[in-house]
Student: 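Take a look at the following structure, please.
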Amino acid sequence: MFLVGQRMKIYLKTESEIAKLRDANRAVCEVLDALEDAVKPGITTWELNELADRKLKQLGATSAFKGYHGYPAVLCTSVNNVVVHGIPRKDEVLAEGDLIGIDFGCFRQGFCGDSARTVPVGKVSAAAQALLDATRDSLERAIAACVPGSRLGDVGWAVQSYVESKGYSVVRSFVGHGIGRQMHEDPQVPNYGKPGSGKRLSEGLVIAVEPMVNAGGPDVVVRDDQWTAETKDGSLSAHFEHSVAVTKNGPIVLSRSRS
Ligand code: MF3
Ligand code: CO
């Protein structure tokens, strides 16, 4: 989500609410799994959006993205130097060697699921694969920090310290977010921070953690379509997102595929 100024109340979730969030995220996983299988050279990002839309209906879910601040599709498809919020297009054909970020969110039983993955199109360069791997691994490190008593700065630092040690940079103008009955709830979850700083994570907090990592510099520019965010220097970017519940038994990844 966009980095915003306003603060609202944090809604901690009960076990039964977490179960509903898991159900919404199961639908998200089914859609993302189908999309991942469909990604190949020659398919358009619009065809991926149509596949997601069909699946969404089969699953009895409603889109969290379509109509959100006027967003025109059910899916975000962010190719190569696009960081997030790429809009699917009929004239955008995937080619061997591309990286595509697929980001999908939906509601079921009044609760929102949200997850994203970056996947290779056919065979990709070693550099592209390394960026993808580092971004996915940085998310796993951030998830490990999602325990009661740890702080938002610890979560951000887990991402930042890992990816910067590999020479990449973390995007700062977009952040993760609380999630529940709304797709975007407080708190905002930056992918950078100082260890031991920021708000403490409590049992029942559910957050969407979504590192966006650039091979070059951290700066992002938004295209004239008001959505597509791309790297300012044209470098490659990757994005992974999981919805995570903070519980006394440790982090539960609600959007883990085939879980
Ligand atoms: N996962 C993205 C986010 O949390 C998806 C939002 S796309 C939008 O910001 F179109 F709905 F804004
Ligand atoms: Co999100």
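When a ligand or atom number is given, it counts from 1 through the structure's own listing order.
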Student: Identify which of Met1, His177, Lys66, His85 has a heavy atom lying nearest to atom 6 (C) of ligand 1.
Tutor: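 The option holding the nearest heavy atom is His85.
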Student: Heavy-atom contact under 4.0 Å between Gly105 and ligand 1?
Tutor: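 The answer is no: ligand 1 sits nowhere under 4.0 Å from a heavy atom of Gly105.
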Student: So if I count the atoms of ligand 1 from 1 in the order they appear, which ones are less than 4.0 Å from some heavy atom of Asp114?
Tutor: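 Answer, ordered by atom number: 1 (N), 4 (O).
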Student: For ligand 1 and His239, I'd like to know whether there is a polar contact (N/O to N/O, distance under 3.5 Å).
Tutor: no
Student: Scan Met183, Gln182, Gln188 and name whichever one has a side-chain contact (heavy atoms from CB on, under 4.5 Å) with Glu185.
Tutor: Gln182
Student: With 2.8 Å as the limit, jot down which protein N, O or S atoms are around the Co ion (ligand 2).
Tutor: Asp114 OD2, His177 NE2, Glu210 OE2, Glu241 OE2
Student: Strictly below 4.0 Å, N to O, side chains only: are Arg141 and Asp137 in salt-bridge contact?
Tutor: no
Student: With a heavy-atom distance limit of 4.0 Å, tell me whether Val84 approaches ligand 1 through its side chain, its backbone, both, or neither.
Tutor: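 Neither; nothing of Val84 gets under 4.0 Å from ligand 1.
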Student: Looking just at side-chain N and O atoms, do Thr247 and Asn249 make a donor-acceptor pair shorter than 3.5 Å?
Tutor: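 Distance-only check fails for Thr247 and Asn249.
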Student: Please determine whether a side-chain nitrogen of the Lys or Arg among Glu47 and Arg54 lies less than 4.0 Å from a carboxylate oxygen of the Asp or Glu.
Tutor: no
Student: Hey, which atoms in ligand 1 end up nearer than 4.0 Å to a heavy atom of Met183?
Tutor: 11 (F)
Student: Flag the pair Asp225 and Arg223 as a salt bridge only when some basic side-chain nitrogen lies within less than 4.0 angstrom of an acidic carboxylate oxygen.
Tutor: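 So Asp225 does not pair with Arg223 through a salt bridge.
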Student: For Cys76, which part has a heavy atom under 4.0 Å from ligand 1: side chain, backbone, both, or neither?
Tutor: side chain
Student: Out of curiosity, does Phe65 fall in the hydrophobic cluster containing Ile102 (side-chain heavy atoms, cut-off under 4.5 Å, transitive links)?
Tutor: no
Student: Is Asp33 salt-bridged to Arg26, cutoff N-O under 4.0 Å?
Tutor: no
Student: Which atoms of ligand 1 are found less than 4.0 Å from any heavy atom of Glu241?
Tutor: 1 (N)
Student: Could you tell me whether Arg136 and Asp133 have a side-chain N and a carboxylate O separated by less than 4.0 Å?
Tutor: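 Looking at Arg136 and Asp133, the cut-off is met.
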Student: Is any side-chain heavy atom of Asp114 closer than 4.5 Å to a side-chain heavy atom of Val28?
Tutor: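 No - every pair of side-chain heavy atoms lies 4.5 Å or more apart.
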Student: Give the ring-plane orientation class for Trp227 versus Phe2, where under 30° counts as parallel, over 60° as perpendicular and anything between as tilted.
Tutor: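 Geometry flag for Phe2 against Trp227: tilted rings.
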Student: Between the candidates Phe65, Phe104, Trp227, which shows the shortest non-hydrogen contact distance to atom 12 (F) of ligand 1?
Tutor: Trp227
Student: Side chain of Ser237, backbone of Val82: donor and acceptor closer than 3.5 Å?
Tutor: no
Student: What protein heavy atom sits nearest atom 2 (C) of ligand 1, and how far away is it?
Tutor: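 Checking every protein heavy atom, the shortest distance to atom 2 (C) of ligand 1 gives Asp103 OD2, 3.1 Å.
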Student: So is His69 touching ligand 1 or not, going by heavy atoms under 4.0 Å?
Tutor: no
Student: What do you reckon, does Glu210 have a nitrogen or oxygen under 3.5 Å from a nitrogen or oxygen of ligand 1?
Tutor: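 It does: an N or O of Glu210 is found under 3.5 Å from an N or O of ligand 1.
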